[in-house]
Engineer: 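Starting off with a structure, shown below.
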Amino acid sequence: MKAAATYSLGLGTIYLGMGLLEILGSYLGIRPSFIPHNILGGFVLAVIGGIYLSGVKDLWQGRREGLAGTLVGMALALGFGGLYLLVMGADFLSYLIGDLEGWRPLADLRPEIWLAPLALPGLRLIRQARLARDVIEGRPE
Amino acid sequence: MDERSQIDPELALVNKRYELIDQIVDRVVRRVSSELTLSELLDRVLLHRFLAIPIFLAVMWAVFQFAFTVSAPFVTLIGDLFGWLAGLVNSHILVGWLRSLLADGVFGGLGFVLSFIPPIFLVFFALAVLEDSGYLARIAFIWDRLMTRIGLSGKSVLPLLLGFGCNVPAIMATRVIEDEQSRLITILVNPLMSCSARLPVYLLIAGTFFGEFAGTAVFSMYLLGVLLAILIAFVLRRFAVRGEPTPLLIELPEYSRPTLKNTTIRMWEEGKIFLKKAATVLFFGALLVWLLSTQPWGAEVADSYLGRLGHLLEPLFRPLGFPWQAVVALFSGFLAKEIVVGTFGVLYSVSGEAAIGGALAQSMSPLAAFAFMAFVLIYVPCLATIGMIKGEAGWRWAAVAVGYELALAYLVALFIVGAGRILGF
């Protein structure tokens with residue numbers, strides 16, 4: 001559980017940090033090249049980070065409830081990674097048909113895409129959670 | 001029972017039923033593990049008192065991106081295809097009226113109506129994923145308390161937010177609401193959610209008249225739409241669609257993985273309803289607007305029946321400070337709000353946003369321009385939206401929607417102009 005806690009803490013901090021940088025960067029004009037400037041995009045990153053962090057305390061104390069944060073965080077991280085790949089594909093199609101002149105693939109390479117592989121180890125946690133489902137045994141009176 | 005406990009009889013019955021179920025389960029079932037199930041585990045986060053709404057907003061953002069950004073190139077391709085067909089007609093048919101009928105009326109109308117297909121199908125795909133995964137029921141649960149206060153259902157929040165993208169798929173998305181009255185009210189207030197087609201009008205007017213406050217002016221339109229939707233929902237529930245919203249009695253389903261086959265079938269089943277409407281009422285509506293804007297044959301738009309109607313009704317809009325060109329633009333916006341900017345260009349005989357903005361600045365005061373933005377936000381939704389309201393709620397309610405929105409648009413614009421003058425603007 002401590003390994004899961006450390007993993008969630010690390011990923012949560014990265015996502016939350018990226019999200020806050022994107023939101024603040026949009027306001028203050030601080031725009032590192034690897035972070036886009038879309039307030040709603042930053043909000044989503046911060047939410048994913050917050051979800052990961054929400055389970056850290058429970059996991060550190062050995063409580064299985066903490067897995068919830070890691071599982072939902074992973075689902076959203078992978079979901080948004082896939083979604084932004086689709087958006088990139090759609091923009092590429094728009095570019096091909098001449099509707100998006102000057103489009104560059106890097107402009108669509110959002111943090112959700114390159115952070116998504118880091119969420120993959122969380123898939124093992126789903127298996128653990130499934131294995132530990134309630135086993136209910138009928139006991140006729 | 002309900003008199004003593006002062007709670008809804010239906011709720012009391014459900015509570016009693018679950019008490020009985022719990023008693024029976026305690027007697028016949030032995031839990032050998034006290035650990036949470038996967039669904040219970042996920043609900044700890046997805047229904048968390050602080051995280052639930054941010055997660056919902058993130059999911060809605062994903063639905064928006066999926067439905068409207070991913071569909072964008074396909075919308076363009078459909079437009080290009082019909083543009084190409086119109087070009088063929090223009091270069092091969094010499095008879096003027098037939099050329100205009102086919103190129104502008106038939107292919108122009110079909111191109112407009114069918115361009116809604118990609119976002120509509122993707123919205124239904126996303127809704128099917130949300131429903132099959134079990135999350136849709138949670139959305140209703142999260143929002144129910146807040147939405148029932150204004151006479152809507154928890155599930156109303158979904159189509160209302162989708163309305164910011166496009167009101168047509170948003171109105172179709174009201175099918176997820178089981179309570180008929182809540183569904184009807186959600187349909188009727190949905191056009192007040194400012195769809196993306198209205199944005200070019202706001203940008204033109206705000207950029208021309210409000211300089212550094214352009215962003216605030218545009219944002220105020222979105223805020224005005226939400227506030228009016230809350231007000232109208234409350235009024236409709238109180239006076240027109242009476243009755244209390246049905247209390248939310250749902251068993252939250254277990255989370256499950258949606259399958260591609262199921263979601264595709266459901267997307268097709270819901271989407272083909274739009275295809276049927278597109279082939280009938282929407283297409284013929286587009287033809288009618290084309291007819292009004294081209295007849296008498298050979299006349300400019302300003303002298304067409306549509307233009308004459310604009311001139312005829314101009315005195316009605318004089319208190320709002322709208323020139324006759326703005327009135328005609330509002331009429332053409334009945335087909336689609338995107339056309340409003342283009343109509344200004346035709347009527348002022350200029351092209352390019354800067355030139356149109358310059359012409360507008362000569363004929364309208366900033367106060368009238370702000371009132372015009374509010375009017376565009378509130379007055380009749382586009383033809384496709386009206387067709388959808390008719391399809392989902394019938395002609396009577398479609399007429400109610402058009403009627404109340406016209407009256408409300410006029411009153412709000414009049415209030416803006418009146419209040420602005422009193423405040424010295």
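Everything numeric in this text was worked out from a predicted model, so none of it was measured. Throughout, a chain's letter reflects where its sequence line sits, starting with A, and its residues are numbered from 1.
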Engineer: Hey, does B:W61 have a side-chain heavy atom less than 4.5 Å from the side chain of A:F80?
Structural biologist: yes

Engineer: Which is it for B:L77 and A:D99 under the side-chain contact (heavy atoms from CB on, under 4.5 Å) test, yes or no, and what are the steps along the way?
Structural biologist: CA-CA 10 Å; B:L77 281 173; A:D99 207 28; over 6 Å; no

Engineer: Which answer fits B:F74, side chain, backbone, both or neither, if we ask what part of it has an atom under 4.5 Å from a heavy atom of chain A?
Structural biologist: side chain

Engineer: Does OH belonging to B:Y222 count more than 12 external heavy atoms closer than 6.0 Å?
Structural biologist: yes

Engineer: Which is it for A:Y84 and B:Q65 under the side-chain contact (heavy atoms from CB on, under 4.5 Å) test, yes or no, and what are the steps along the way?
Structural biologist: CA-CA 8 Å; A:Y84 281 115; B:Q65 290 288 309; 4.1 Å; yes

Engineer: Quick one: are A:L71 and B:R44 in side-chain contact, heavy atoms under 4.5 Å?
Structural biologist: no

Engineer: Among the options A:L83, A:V87, A:V44, A:I48, pick out the one with the most heavy-atom pairs lying under 4.5 Å from chain B.
Structural biologist: A:L83

Engineer: Which of the residues B:T76, B:T69, B:D80 is involved in the greatest number of heavy-atom pairs with chain A at under 4.5 angstrom?
Structural biologist: B:T76

Engineer: Can you list the residues that meet the salt bridge (charged side-chain N to carboxylate O under 4.0 Å, His left out) rule with B:E131, with sequence neighbours excluded?
Structural biologist: B:R266

Engineer: With only heavy atoms counted, which part of B:L51 is less than 4.5 Å from chain A, the side chain, the backbone, both or neither?
Structural biologist: side chain

Engineer: If every non-hydrogen atom of B:P73 is compared with every non-hydrogen atom of A:S94, which pair is closest and at what distance?
Structural biologist: CB-OG, 3.4 Å

Engineer: With rounding to the nearest 0.5 angstrom, report the CG to CG distance, B:L122 to A:L86.
Structural biologist: 9.0 Å

Engineer: Under 4.5 Å from any heavy atom of chain B, what part of A:V47 do you find: side chain, backbone, both or neither?
Structural biologist: side chain

Engineer: Please classify the contact between A:Y95 and chain B as side chain, backbone, both or neither, with a heavy-atom cut-off of under 4.5 Å.
Structural biologist: neither

Engineer: Apply the test side-chain contact (heavy atoms from CB on, under 4.5 Å) to residues B:L41 and A:R64: give CA-CA distance (whole Å), side-chain angles for both, the deciding distance (0.1 Å), then the verdict.
Structural biologist: CA-CA 9 Å; B:L41 207 56; A:R64 193 172 155 272; 4.2 Å; yes

